Amino acid sequence: MNEYSPNLAVIKKVRKETHDTNTYTLEFSDKKLQKSFSPAPGQFMMLSLFGIGESAISLSGTSNNGSVTTTIRNVGSVTNAVLRLKEGDFIGMRGPYGNGWPLERAEGKNVLIVVGGMGIVPLRGVVNYIKNNRKKFGDLEIIYGARTPDDMLFRYEFEKWKQIKNTRLDLTVDELPIETTSKCKIGLVTSCFPSMKTHHKNAIVLVCGPEIMMRYAAKCLETIGFKDQQIYLSLERRMKCGIGKCGHCQIGLKYVCKDGPVFNYADIKPFIHPL
Ligand SMILES: Cc1cc2nc3c(=O)[nH]c(=O)nc-3n(C[C@H](O)[C@H](O)[C@H](O)COP(=O)(O)OP(=O)(O)OC[C@H]3O[C@@H](n4cnc5c(N)ncnc54)[C@H](O)[C@@H]3O)c2cc1C
Ligand code: FES
């Protein structure tokens, strides 16, 4: 079998998230594959549009019947073409690839999720996983920052997230448009740290967002007692093969596609965005 061959998937549902981002529910045409498909939160797929190209895309959710959701922002050729697709259209997908979040290591610990912008996409699966396995984890705290309230993804789920036992959700934005009714506070995600409840003792931190934001978040967490080994980041690099062959995503001695995209901060610190 050619490992670069995509599997066909049909778009069952399109949900508008923001002005430039949609969530797609997808089902594989191959029903056997559909049944056995069980990606871990934080893994990614190579999504293809025939005649246009491929892009690495996280999974924002999975369901028991094997359908998956992806949440895609229009930034360039492939993602722009995806945003023009409708229910019933087909795309190609291969994967899942990468390691995913260290959920086993997080068991028994308090979990702090720090996300900026699209970073919430690969962590939505973690929130759902903790909800479905609540007893295995300690407290859950989610700090989510976006440009404006209208740029926040999965807003329709926030109330449900807050109702997960021992869970706190803290939202912050860069700016509040005058006409908004949102009560979000203004500030970077790091501005939420002084009021956060998660203590560094017996905690694990999962961070995803723009690299500069992750770097600042990790640095601030260090100053309040978190150790590098407690912090995990999901990195984004331009990907081609997605399976450790082409070298496009190399960072130091690692391949983001194969060894990541989730890395322990202690291992990756020298190679990421300098402050
Ligand atoms: C592991 C992983 C998971 C991802 N998950 C998602 C997701 O769930 N949803 C989503 O919308 N996007 C996700 N992305 C980002 C997505 O892969 C890129 O936005 C996409 O490849 C852009 O393709 P394009 O053809 O639309 O844009 P292009 O036309 O190729 O590029 C548009 C612009 O974006 C820049 N660019 C493209 N890809 C990247 C990249 N990987 N890193 C930095 N700059 C880039 C280009 O330099 C250019 O300036 C993920 C990336 C990785 C590596
Ligand atoms: S994308 Fe080819 S080695 Fe990672």
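From a predicted model like this one, the values you see are computed outputs, not experimental measurements. These numbers come from the heavy atoms of this one structure, side chains and all, not from hydrogens, waters or symmetry mates. One-based numbering, in listed order, for ligands and for the atoms of each.
Just one of Asn22, Thr71, Thr23 meets the side chain to side chain donor-acceptor pair (under 3.5 Å) condition when paired with Glu17; it is Thr23.
Using a 4.0 Å heavy-atom cutoff, Gly53 is absent from the residues neighbouring ligand 1.
Atoms of ligand 1 lying under 4.0 Å from any heavy atom of Arg237, numbered from 1 in the order shown and given with element: 41 (N), 53 (C). Interface of Lys245 with ligand 2, defined as ligand atoms under 4.0 Å from a residue heavy atom, comprises 3 (S). Within ligand 2, counting atoms from 1 as listed, the ones closer than 4.0 Å to a heavy atom of Gly242 are 1 (S), 2 (Fe). Residue Met118 approaches ligand 1 through these ligand atoms, each under 4.0 Å from one of its heavy atoms: 9 (N), 10 (C), 11 (O). In summary, the atoms of ligand 1 found under 4.0 Å from a heavy atom of Met239, numbered by their order in the structure, are 53 (C). Short contacts between ligand 2 and Lys240, defined as distances under 4.0 Å to a heavy atom of the residue, involve ligand atoms 1 (S).
With 3.5 Å as the limit, one finds no donor-acceptor pair spanning the side chains of Arg124 and Asn128.
Residue, atom and distance of the protein heavy atom nearest to atom 3 (S) of ligand 2 are Gly247 N, 3.2 Å.
Among the backbone and side-chain atoms of Cys257, an N/O/S atom is found under 2.8 Å from atom 4 (Fe) of ligand 2. Coordination check, Cys249 versus atom 2 (Fe) of ligand 2: failed, since every N/O/S atom of the residue sits at 2.8 Å or beyond.
Of the polar atoms of Glu54, none of the N or O atoms is found under 3.5 Å from an N or O of ligand 1, judged by distance alone. Looking at Ala56 next to ligand 1, an N or O pair under 3.5 Å apart turns up. By the 3.5 Å distance cut-off applied to N or O atoms, Asn80 is not counted among the residues near ligand 1. For Val78, a nitrogen or oxygen atom sits less than 3.5 Å from a nitrogen or oxygen atom of ligand 1, counting backbone and side chain alike.
The closest side-chain heavy-atom distance from Thr167 to Leu169 is not below 4.5 Å. Using a 4.5 Å cut-off on side-chain heavy atoms (C-beta onward), Met213 and Val114 make contact.
The aromatic rings of Tyr156 and Phe154 sit perpendicular, their planes meeting at an angle over 60°, well past the 30° parallel limit.
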